[in-house]
Amino acid sequence: MDKERVKKIVRDNSNFTFNQEEENLLIFSTRENGNMGHEEPGEEDIMEGHRIRRLINSILPEVSITVEGCDEWVILTVANKE
C-alpha cells in the first residue's frame, strides 16, 4: 500500500483527519457532523466515509477499507487486502 498516496487522497478529498499508522494500516476519523450530546455519528460523516472509500478503491484497488461509527466519530481504516 502506498501510504502517502492514501493520506493525500483522504486529505485532499474529505473532512477526515489522519490519526494513526501501523505497519499495514492507516486510520482516519471525523466527527464534523456527529452528535456529541447523544454520542451518535452524523449521517453525513458516514456517507462521506463511504464516498472516500469508493474513491480510494477506484485508485488503489489493492486496499481494504472499513467505515465504522463509534460514539460521535466515524472511523475510516485502510489496510492491505489479505
Side-chain angles (χ1 to χ4, degrees):
M1 166 177 39
D2 184 343
K3 292 180 182 178
E4 293 309 312
R5 190 167 182 199
V6 172
K7 288 178 190 177
K8 181 172 177 21
I9 292 167
V10 174
R11 179 180 60 244
D12 292 351
N13 295 284
S14 76
N15 60 2
F16 279 79
T17 302
F18 173 71
N19 292 102
Q20 185 177 342
E21 180 175 338
E22 295 181 15
E23 186 176 335
N24 293 312
L25 187 74
L26 296 172
I27 300 173
F28 304 86
S29 66
T30 189
R31 67 174 184 178
E32 188 168 305
N33 297 290
N35 185 328
M36 289 176 257
H38 290 108
E39 296 184 339
E40 295 175 344
E43 186 64 32
E44 298 93 342
D45 293 338
I46 293 169
M47 290 170 42
E48 177 68 2
H50 289 292
R51 185 189 69 78
I52 198 70
R53 176 185 54 79
R54 288 189 302 273
L55 176 62
I56 294 168
N57 275 144
S58 73
I59 298 167
L60 301 167
E62 69 274 13
V63 298
S64 172
I65 304 167
T66 60
V67 178
E68 301 173 279
C70 181
D71 298 329
E72 67 270 16
W73 293 94
V74 174
I75 301 160
L76 185 75
T77 304
V78 183
N80 285 328
K81 283 187 179 174
E82 299 280 330

Novice: Starting at CD of Glu40, measure out to SG of Cys70 and round the result to the nearest 0.5 Å.
Specialist: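 So the CD of Glu40 and the SG of Cys70 are separated by 12.5 Å.
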
Novice: Hydrophobic clusters here meaning ILVMFWY residues chained together by side-chain heavy-atom distances under 4.5 Å, can you tell me if Met47 and Val74 are in one?
Specialist: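 Different clusters.
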
Novice: Hey, could you give me the OG/CG distance between Ser64 and Asn24, rounded to the nearest 0.5 Å?
Specialist: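 So the OG of Ser64 and the CG of Asn24 are separated by 12.0 Å.
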
Novice: State, yes or no, whether a side-chain contact exists between Val10 and Leu55 at a heavy-atom distance under 4.5 Å.
Specialist: no

Novice: So Val78 and Leu60, do their side chains get closer than 4.5 Å, heavy atoms only?
Specialist: no

Novice: Please check: side-chain N/O of Asn35 versus main-chain N/O of Glu72, any donor-acceptor pairing under 3.5 Å?
Specialist: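 No, because the side chain of Asn35 does not come within donor-acceptor range (under 3.5 Å) of the backbone of Glu72.
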
Novice: Restricting to pairs with a member in residues 63-82, which pass ring-ring contact (aromatic ring centres under 6.0 Å, His included), not counting sequence neighbours?
Specialist: none

Novice: Group every Ile, Leu, Val, Met, Phe, Trp and Tyr by side-chain heavy-atom contacts under 4.5 Å, then state whether Val63 and Leu25 land in the same group.
Specialist: no

Novice: Let me confirm one number: the CD-CZ distance from Glu4 to Arg11, rounded to the nearest 0.5 Å.
Specialist: 8.0 Å

Novice: So if I apply the side chain to side chain donor-acceptor pair (under 3.5 Å) rule between Ser29 and each of Thr17, Asn19, Asp45, which one comes out positive?
Specialist: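 Only one of Thr17, Asn19, Asp45 forms a side chain to side chain donor-acceptor pair (under 3.5 Å) with Ser29, namely Asn19.
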
Novice: Taking atom OG1 of Thr30 and atom CG of Leu76, what is their separation to the nearest 0.5 Å?
Specialist: 10.5 Å

Novice: Okay, side chain of Asn33, backbone of Glu44: is any donor-acceptor separation there less than 3.5 Å?
Specialist: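 No: the side chain of Asn33 does not pair with the backbone of Glu44.
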
Novice: Quick one: ring-ring contact (aromatic ring centres under 6.0 Å, His included) pairs with a partner in residues 28-55, sequence neighbours left out?
Specialist: Phe18-Phe28

Novice: Within a strict 4.5 Å, meaning less than it, do heavy atoms of the Asn15 and Glu48 side chains meet?
Specialist: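 With C-beta onward as the side chain, the pair touches.
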
Novice: Which atom names give the shortest non-hydrogen contact between Met1 and Leu26, and what distance separates them?
Specialist: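 For Met1 and Leu26, the tightest heavy-atom pair comes out as SD-CD1, 4.3 Å.
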
Novice: Are Ile56 and Ile75 joined in one hydrophobic group, where the rule is that I, L, V, M, F, W and Y side chains link up if heavy atoms are under 4.5 Å apart?
Specialist: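 Different hydrophobic clusters.
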
Novice: Under a 4.5 Å side-chain heavy-atom rule over Ile, Leu, Val, Met, Phe, Trp and Tyr, are Phe16 and Ile27 clustered together?
Specialist: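 Hydrophobic grouping puts Phe16 apart from Ile27.
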
Novice: Rounded to the nearest 0.5 Å, how far apart are CD of Glu62 and CG of Asn57?
Specialist: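 Taking CD in Glu62 and CG in Asn57, the distance rounds to 9.0 Å.
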
Novice: Yes or no on side chain to side chain contact (heavy atoms under 4.5 Å, CB included) for Lys7 and Glu21, after CA distance, side-chain angles and deciding distance?
Specialist: CA-CA 10 Å; Lys7 288 178 190 177; Glu21 180 175 338; 2.8 Å; yes

Novice: What's the separation between atom CE in Met36 and atom CG in Asp71, rounded to the nearest 0.5 Å?
Specialist: 12.0 Å

Novice: Of all the heavy-atom pairs spanning Pro41 and Gly69, show the shortest one and how long it is.
Specialist: CG-CA, 4.2 Å

Novice: Any chance NZ of Lys3 has more than 12 other-residue heavy atoms, nucleotides or ligands included, within less than 6.0 Å?
Specialist: yes

